[in-house]
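Just the heavy atoms: all of them, side chains too, but no hydrogens, waters or symmetry mates, feed the values below.
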Amino acid sequence: MERSTSDDDGVTAEPRVLRRDEWDDWYGTLIRAFSGVPEPAEELALYRELTQVDRSIGVWEGEGGGGGEGGACVGTAGAFAFRMTVPGGTPVPAAGVTMVSVAATHRRRGVLTSMMRRQLDDVRAWGEPLAVLTASEPAIYGRFGYGAATFALNAEIDTSRVRLSVPAGTDDVRLRYEAPADVLDACEEVYARLVPGRPGMLARRPGWERLALLDPESGRDGASPLQCVLARRDGEVTGYARFRVRPAWGSEGPKGTVVLEDLAGLDPATEAALWRFLFGVDLTSTLAVRGRPVDEAWQYQVSDVRRCRPELRDALYVRLVDVGAALAARTYQAPVDVVFEVQDAFCPWNAGRWRLSGDAKGASCERTSDAADLALSVRELGSAYLGGVSLGALGAAGRVREVRSGALAAASVGFGSDVAPWLPHGF
């Protein structure tokens with residue numbers, strides 16, 4: 001549930017930490033910045049509970065322009081304490097930047113810049129080497145050092161025309177309808193087992209599992225209440241799918257839509273069984289898919305990918321708050337020994353030369369006076385960090401400069417990931 005709006009120069013008041021008794025006004029400022037449509041009560045209550053007040057800031061402007069007691073809230077920003085999987089499978093502390101907004105009356109006065117400055121200083125003080133967000137307006141965050149690092153796949157699959165081939169063992173998987181709330185713990189166990197295997201996935205803190213059960217009628221767009229199918233193999237829960245069905249009828253008969261909310265499987269057969277089920281739901285002819293991994297296997301099992309209408313969208317943006325600690329926290333699929341000349345005007349403690357040495361077993365990244373091999377900004381490092389964006393492609397785009405011949409190709413291979421990074425849900 002990332003929220004953001006923009007501003008420019010001329011700070012009106014300094015950001016300060018939110019107090020619990022200010023949450024309603026603070027969150028109200030956020031909602032107003034995003035059109036002012038009230039959220040359903042259950043969603044509002046969950047985000048009130050999930051908000052980490054001591055990691056949330058705002059700008060208040062009272063009469064006379066000073067911040068402090070009793071002033072009007074004109075800017076909001078939060079940062080959840082997450083642990084995010086990076087290449088190598090290790091969860092790394094990451095600040096999940098969220099709930100960012102600036103009142104329309106206070107744009108172009110430096111409110112956003114002041115909050116980003118305070119927030120990144122705080123993240124550094126908390127010892128978290130990464131900050132991550134999803135951007136409602138991607139153009140805003142590049143100037144603060146965030147780079148697009150993961151992408152997500154959307155699709156509208158014509159299940160009346162597209163057929164799915166499945167791997168051996170799929171018929172051994174048994175599916176059963178379950179009430180979503182009744183099997184939440186079992187689904188979370190599946191999710192937790194998948195987290196180490198894919199960069200970008202978040203180890204969920206207590207309470208976040210309830211996000212998947214939010215089911216207000218106002219958000220269904222004519223579809224059914226949330227449904228769930230649980231997959232079992234040899235008596236063990238191996239996956240699940242949560243979805244809704246939107247009924248529709250035409251002169252030729254039923255043409256409903258299955259709206260997939262979430263799907264996870266511990267093995268290829270389980271995933272295939274769940275997708276096959278979704279393709280075959282009675283009285284439907286479309287499967288609407290949102291926010292899936294870009295390398296998901298179903299794309300290579302369908303009979304006609306064109307009739308799936310795939311669409312790629314940017315998802316997670318990554319910002320290296322501590323270049324040395326962040327680059328040392330992941331592994332590299334091929335040996336790397338490279339000196340980066342890093343530009344970072346917003347967090348100048350990152351600027352300068354860093355020698356990264358690493359392989360599939362681990363890495364180190366230290367300050368150096370050695371000559372640079374590659375020159376780039378912290379934004380490009382953020383894009384490449386999870387292995388889903390190629391340093392070579394960024395070089396071809398003119399965003400990475402090769403100083404030593406051959407350095408770019410070698411580093412690009414090392415930074416890659418066999419598994420595409422993926423953000424499983426917003427925040």
Asker: Looking only at heavy atoms, what is the nearest atom pair of P180 and L213, with distance?
Answerer: CB-CD2, 3.8 Å

Asker: Should D359 and K361 count as an ion pair when the cut-off is N to O under 4.0 Å?
Answerer: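 K361 and D359: not salt-bridged.
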
Asker: Once rounded to the nearest 0.5 Å, what's the spacing between atom OG1 of T170 and atom CZ of F277?
Answerer: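 It comes to 15.0 Å.
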
Asker: Using the salt bridge (Lys or Arg N to Asp or Glu O under 4.0 Å) rule, collect all pairs that involve residues 269-278, keeping only residues at least two apart or in two chains.
Answerer: D171-R276

Asker: By the definition side-chain contact (heavy atoms from CB on, under 4.5 Å), identify the one residue from V132, V97, L320, V318 that meets it with Y146.
Answerer: V97

Asker: May I ask you to decide whether E261 forms a salt bridge with R290, counting only side-chain N to carboxylate O separations under 4.0 Å?
Answerer: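 R290 and E261: not salt-bridged.
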
Asker: Side-chain donor-acceptor pair under 3.5 Å between E128 and W126, yes or no?
Answerer: no

Asker: Hey, which of E188, E42, E49 is the one that makes salt bridge (Lys or Arg N to Asp or Glu O under 4.0 Å) with R210?
Answerer: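 Result for salt bridge (Lys or Arg N to Asp or Glu O under 4.0 Å) with R210: E49.
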
Asker: Counting C-beta onward and ignoring hydrogens, is there a side-chain heavy-atom pair between N154 and R313 closer than 4.5 Å?
Answerer: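 Result yes, sub-4.5 Å side-chain heavy-atom pair found.
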
Asker: With sequence neighbours excluded, give me every side chain to side chain donor-acceptor pair (under 3.5 Å) pair touching residues 391-408.
Answerer: D373-R404, E380-R399

Asker: Should the pair R330 and Y332 be classed as cation-pi, given the thresholds of under 6.0 Å to the six-membered ring centre and 45° from the axis?
Answerer: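 Judged by the rule, R330 and Y332 form a cation-pi pair.
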
Asker: Do R163 and D304 pass the salt bridge (Lys or Arg N to Asp or Glu O under 4.0 Å) test, and can you show the C-alpha distance, the side-chain angles, and the key distance before you say yes or no?
Answerer: CA-CA 8 Å; R163 297 294 173 259; D304 188 344; over 6 Å; no

Asker: Could I get the full list of salt bridge (charged side-chain N to carboxylate O under 4.0 Å, His left out) partners for R193, not counting sequence neighbours?
Answerer: E236

Asker: For salt bridge (Lys or Arg N to Asp or Glu O under 4.0 Å), just list the numbers for R19 and D21, CA-CA rounded to whole Å, side-chain angles, deciding distance to a tenth of an Å, and then say yes or no.
Answerer: CA-CA 6 Å; R19 298 192 308 267; D21 63 1; 3.4 Å; yes

Asker: Give every residue pair that meets the side chain to side chain donor-acceptor pair (under 3.5 Å) criterion with at least one member in residues 340-351, sequence neighbours excluded.
Answerer: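 For residues 340-351: R319-D344, E341-R353, D344-N350.
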
Asker: If you round to the nearest 0.5 Å, how far is CG of L133 from CG of L316?
Answerer: 7.5 Å

Asker: When the aromatic ring centroids of F427 and W208 are compared, is their separation below 6.0 Å?
Answerer: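 No - the distance between ring centres of F427 and W208 does not fall below the 6.0 Å cut-off.
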
Asker: Classify the angle between the aromatic ring planes of W275 and F279 as parallel (below 30°), tilted (30 to 60°) or perpendicular (above 60°).
Answerer: perpendicular

Asker: So, the side chain of T51 versus the backbone of V53: is there a donor-acceptor pair under 3.5 Å, distance only?
Answerer: no

Asker: Parallel, tilted or perpendicular for H425 and Y191, by the 30°/60° rule?
Answerer: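 Taking Y191 first and then H425, their aromatic rings sit tilted (interplane angle of 30° to 60°).
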
Asker: CG of D370: more than 12 outside heavy atoms within 6.0 angstrom?
Answerer: yes

Asker: Given V258, which of T286, V289, L287 fulfils the side-chain contact (heavy atoms from CB on, under 4.5 Å) condition?
Answerer: L287

Asker: Give the minimum heavy-atom separation between L153 and P310, together with the two atoms involved.
Answerer: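 Heavy atoms only, the tightest pair is CD1-CB, 3.9 Å.
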
Asker: More than 12 heavy atoms of other residues, nucleotides or ligands under 6.0 Å from CZ of R309: yes or no?
Answerer: no

Asker: To the closest 0.5 Å, what do you measure between CG (L120) and SG (C347)?
Answerer: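 Answer rounded to 0.5 Å: 4.5 Å.
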
Asker: Does a donor on one side chain sit under 3.5 Å from an acceptor on the other, for S364 and S357?
Answerer: no

Asker: Tell me, please, which residues at least two apart from D215 pass salt bridge (charged side-chain N to carboxylate O under 4.0 Å, His left out).
Answerer: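 In terms of salt bridge (charged side-chain N to carboxylate O under 4.0 Å, His left out), with neighbours along the sequence ignored, D215 is linked to R220, R244.
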
Asker: Hey, could you give me the OH/CG distance between Y47 and L50, rounded to the nearest 0.5 Å?
Answerer: 7.0 Å

Asker: With sequence neighbours excluded, what pairs up with Y317 under the side chain to side chain donor-acceptor pair (under 3.5 Å) test?
Answerer: D314

Asker: Measuring from T238:OG1 to L274:CG, what's the distance to the nearest 0.5 Å?
Answerer: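 So the gap between those two atoms works out to 7.5 Å.
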
Asker: Search all heavy atoms of L391 against all heavy atoms of L408 and return the closest pair with its distance.
Answerer: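 L391 and L408 have their closest heavy atoms at O-CD1, 3.6 Å.
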
Asker: Hey, mind stepping through D295 and R198 against salt bridge (Lys or Arg N to Asp or Glu O under 4.0 Å) and telling me if it holds?
Answerer: CA-CA 11 Å; D295 61 348; R198 189 181 287 275; 2.9 Å; yes

Asker: For D121, run the side-chain contact (heavy atoms from CB on, under 4.5 Å) check against R117, R118, R124 and tell me which one passes.
Answerer: R117

Asker: Please give me the minimum heavy-atom distance between A79 and T98, naming the atom from each residue.
Answerer: N-CG2, 4.4 Å

Asker: Looking only at heavy atoms, what is the nearest atom pair of A329 and Y385, with distance?
Answerer: CB-OH, 4.0 Å

Asker: When rounded to the nearest 0.5 angstrom, what distance separates CD1 in I140 from CE in M116?
Answerer: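 Going from CD1 on I140 over to CE on M116, the span is 9.5 Å.
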
Asker: Output yes when R232 and E178 qualify as a salt bridge under the 4.0 Å nitrogen-oxygen rule, no when they do not.
Answerer: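 Between E178 and R232 there is a salt bridge, with a charged N closer than 4.0 Å to a carboxylate O.
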
Asker: Which pair of heavy atoms, one from A77 and one from W26, lies closest together, and at what distance?
Answerer: O-CZ2, 3.6 Å

